[in-house]
Structures are given as structure tokens and as C-alpha cells.
Enquirer: 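Right, I'll just put the structure down here and ask away after.
Atoms considered below: every heavy atom in the structure, side chains included; atoms not considered: hydrogens, waters and symmetry mates. Read the numbers this way: they start at 1 and go in the same order the structure lists the ligands and their atoms.
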Amino acid sequence: MNPTYPYPFIDRILITPEEIETRVRFLGKKITEDYRDSEQLLLLGLLRGSVVFITDLMRHINRPITMDFMSVSSYAGAQTSGFVRIDSDHKTNIYGWDVILIDDIVDSGLTLHTVRKLLLDRKPRTLRTCALLDKTEKHQIDIPLDYFGFQIPDEFVVGYGLDIDEKGRNLPYIASVSLEKYRSVIKN
Ligand code: PRP
């Protein structure tokens with residue numbers, strides 16, 4: 001039986017809620033171990049896509065943490081503009097902190113690359129990167145990804161924080177989008 005999707009443009013489920021939960025739990029445990037000696041650990045999420053991921057992940061990190069966000073954007077619909085705009089900056093002074101920069105997905109790698117460079121100039125004690133999804137074959141820039149959830153093929157995906165034109169963030173799974181169906185939906 002086909003599941004009923006709340007959006008007509010969903011093609012199929014790629015990663016189930018159970019698979020996400022297991023992997024996020026694993027990442028939380030790994031981060032807990034890696035930062036057992038850290039005094040100041042900051043989870044720095046990129047709005048808005050990382051919100052669901054970071055709020056789940058933080059509950060599996062058994063260490064004192066601080067959470068902060070930056071708002072950046074580079075996409076309109078399914079296309080990257082190739083330019084990363086910083087819409088609002090983080091509030092914490094990260095000098096001397098152990099920072100984990102967290103995003104929902106690495107696609108071209110431009111966003112993480114740009115923000116990482118900016119943060120390094122602010123002299124954190126350490127800086128690592130973490131993304132739930134990684135589209136390895138789409139990378140245009142070589143970026144170090146220290147923690148990742150899943151490597152996925154080059155398909156447009158929504159759910160668990162990820163969107164297409166702000167739709168689909170609320171889905172509890174990662175689903176692929178039929179761009180053909182999506183275009184016919186927005187035309188009508
Ligand atoms: C998306 C996503 C990543 C970025 C990845 O952000 O959340 O931040 O694109 O793409 P890249 O590796 O090609 O740079 P978007 O600008 O769509 O904003 P959002 O987080 O609000 O969805």
C-alpha cells in the first residue's frame with residue numbers, strides 16, 4: 001500500500017524516521033566522547049534547515065553545551081545562486097570555544113565552506129563540521145566534514161528540516177521530490 005504524503009510532489013521516502021533516530025543517536029554519542037574534555041562546546045546551527053537536526057542531536061550529547069544560530073541563504077527553489085548571504089550572525093563570542101558548525105545538508109559545499117572560513121577568522125579553539133546529509137558527488141569545493149549522517153545521491157530532498165520553497169520541513173523522514181510533479185503543482 002502506498003503511504004499518503006501531505007505534499008503532492010513527494011516521490012518516495014529515502015530515509016525513515018527510525019533510521020534518522022538511530023544515526024542521530026550515534027552521532028550524539030560520538031560527539032559526547034570526542035568532547036569529553038571540552039569546557040566550552042558550542043553547537044552552531046545554520047538556519048533554517050538545521051533546526052530539526054540540531055534539536056534532536058543536542059538531546060543525545062551528554063555534555064554541557066551552548067547552542068547558537070546563524071542565518072544564511074543561497075538557494076531559491078531548487079537552484080543554488082552560487083553566492084552565500086549571511087542574513088544574521090551568531091551572538092556568542094566564539095573565541096576560544098570548541099565549535100561544531102551544523103547544517104542539514106552539504107550539496108555544492110559552498111555554504112559550509114564560506115561559513116567555516118568566516119568562523120576560523122574568529123579564532124575558536126577548535127572548529128568541526130557536521131551535516132545530516134552529504135551529497136558527495138555534488139561537491140564543488142573540498143570541505144572537511146567531520147560528522148555526517150547519511151550520504152545521499154543527487155536527488156532533491158525534503159523533510160526533517162529541509163524544504164523546497166519553504167515546503168516540506170515538517171516531514172519526519174527524508175523524501176525525494178519529483179521536480180516534474182512540483183512544477184506542475186506550482187503552475188496550478
Ligand atoms: C540549504 C541547506 C544548506 C545549503 C547547502 O540552505 O540548508 O545550508 O543549502 O547547499 P550548498 O552545499 O550547495 O551550499 P538554504 O539556502 O536553502 O536555506 P535553508 O537552510 O533555510 O533551507
Side-chain angles (χ1 to χ4, degrees), residues 5-7 9-11 13-15 17 20 23-24 27 42-58 67-92 94 99-122 124 127-179 182-183 185-186:
Y5 301 126
Y7 297 97
F9 49 80
I10 291 175
D11 191 26
I13 294 175
L14 288 183
I15 308 170
I20 295 172
R23 187 66 184 170
V24 170
L27 289 175
L42 176 72
L43 303 187
L44 180 50
L46 297 184
L47 296 172
R48 286 171 271 182
S50 73
V51 166
V52 180
F53 177 41
I54 197 170
T55 52
D56 275 352
L57 180 65
M58 67 191 289
M67 177 174 58
D68 205 339
F69 290 97
M70 290 173 78
S71 178
V72 305
S73 49
S74 64
Y75 278 76
Q79 291 299 317
T80 179
S81 65
F83 173 75
V84 179
R85 193 179 66 201
I86 309 289
D87 296 321
S88 81
D89 218 332
H90 58 86
K91 299 230 176 355
T92 317
I94 64 170
V99 178
I100 306 180
L101 174 59
I102 299 181
D103 210 349
D104 52 352
I105 185 166
V106 182
D107 198 308
S108 68
L110 193 67
T111 303
L112 225 49
H113 171 79
T114 307
V115 178
R116 186 174 169 274
K117 258 181 35 190
L118 181 87
L119 296 180
L120 282 173
D121 286 345
R122 297 173 178 175
L127 176 61
R128 284 185 176 153
T129 54
C130 173
L132 179 73
L133 305 175
D134 183 21
K135 275 190 193 171
T136 320
E137 63 186 275
K138 285 288 294 295
H139 289 196
Q140 291 173 17
I141 295 173
D142 199 20
I143 58 140
L145 190 56
D146 299 293
Y147 304 100
F148 71 92
F150 304 90
Q151 290 182 327
I152 60 164
D154 181 17
E155 293 185 48
F156 202 95
V157 292
V158 292
Y160 199 71
L162 289 95
D163 72 307
I164 181 159
D165 285 336
E166 297 304 324
K167 296 172 199 63
R169 293 196 198 268
N170 58 316
L171 300 168
Y173 42 76
I174 301 291
S176 66
V177 169
S178 158
L179 289 175
Y182 182 74
R183 286 181 192 121
V185 168
I186 53 170

Enquirer: Would you kindly specify which portion of Asp107 sits under 4.0 Å from ligand 1, judged on non-hydrogen atoms: side chain, backbone, both or neither?
Expert: both

Enquirer: Side chain or backbone, does Thr111 bring an N or O within less than 3.5 Å of an N or O on ligand 1?
Expert: yes

Enquirer: Run the contact test for Arg169 against ligand 1 with a 4.0 Å cut-off on heavy atoms, strictly below, and give the result.
Expert: yes

Enquirer: Tell me which part of Asp103 gets within contact of ligand 1: side chain, backbone, both or neither, using heavy atoms under 4.0 Å.
Expert: side chain

Enquirer: What verdict does the side-chain contact (heavy atoms from CB on, under 4.5 Å) test give for Val99 and Thr92, after you've listed the backbone C-alpha separation in whole Å, the side-chain angles of each residue and the deciding distance to 0.1 Å?
Expert: CA-CA 11 Å; Val99 178; Thr92 317; over 6 Å; no

Enquirer: Is the charged tip of Arg23 near the ring of Phe148: under 6.0 Å from the six-membered ring centre and within 45° of its axis?
Expert: yes

Enquirer: Just which atoms of ligand 1 are under 4.0 Å from any heavy atom in Arg48?
Expert: 19 (P), 20 (O), 21 (O)

Enquirer: Can you find an N or O of Val106 that's nearer than 3.5 Å to an N or O of ligand 1?
Expert: no

Enquirer: Does any N/O atom on Gly109 come nearer than 3.5 Å to any N/O atom on ligand 1?
Expert: yes

Enquirer: Give the atom numbers and elements of ligand 1 that come within less than 4.0 Å of a heavy atom of Ser108.
Expert: 11 (P), 12 (O), 13 (O), 14 (O)

Enquirer: Classify the ring geometry between Phe53 and Tyr160 as parallel (under 30°), tilted (30 to 60°) or perpendicular (over 60°).
Expert: tilted

Enquirer: Under 4.0 Å from a heavy atom of Gly49: which atoms of ligand 1 are those, numbered in the order shown and with their elements?
Expert: 19 (P), 20 (O), 21 (O)

Enquirer: Salt-bridge test for Lys138 and Asp107: reply yes if a basic N is under 4.0 Å from a carboxylate O, no otherwise.
Expert: yes

Enquirer: Ignoring hydrogens, just give me the one of Thr114, Ile164, Val72 whose non-hydrogen atom is nearest atom 18 (O) of ligand 1.
Expert: Val72

Enquirer: What heavy-atom pair brings Lys167 and Val158 nearest, and what distance separates the two atoms?
Expert: O-CG1, 4.0 Å

Enquirer: Hey, are Arg169 and Asp104 close enough for a salt bridge, meaning a charged N less than 4.0 Å from a carboxylate O?
Expert: no

Enquirer: In terms of atom number and element, which parts of ligand 1 are under 4.0 angstrom from non-hydrogen atoms of Ile105?
Expert: 2 (C), 3 (C), 5 (C)

Enquirer: Between Phe150 and Leu14, is the side-chain contact (heavy atoms from CB on, under 4.5 Å) condition met? List the steps.
Expert: CA-CA 10 Å; Phe150 304 90; Leu14 288 183; over 6 Å; no

Enquirer: Can you check which of Leu110, Asp104, Val158 brings a heavy atom nearest to atom 7 (O) of ligand 1?
Expert: Asp104

Enquirer: Using only atom types and a distance under 3.5 Å, with no angle test, would you say the side chain of Asp146 pairs donor to acceptor with the backbone of Arg128?
Expert: no

Enquirer: Can you find an N or O of Glu166 that's nearer than 3.5 Å to an N or O of ligand 1?
Expert: no

Enquirer: Heavy-atom distances under 4.0 Å are what count here, so tell me which part of Leu47 touches ligand 1: side chain, backbone, both or neither.
Expert: backbone

Enquirer: Within a reach of under 6.0 Å around CG of Asp154, are more than 12 heavy atoms found that belong to other residues, nucleotides or ligands?
Expert: yes

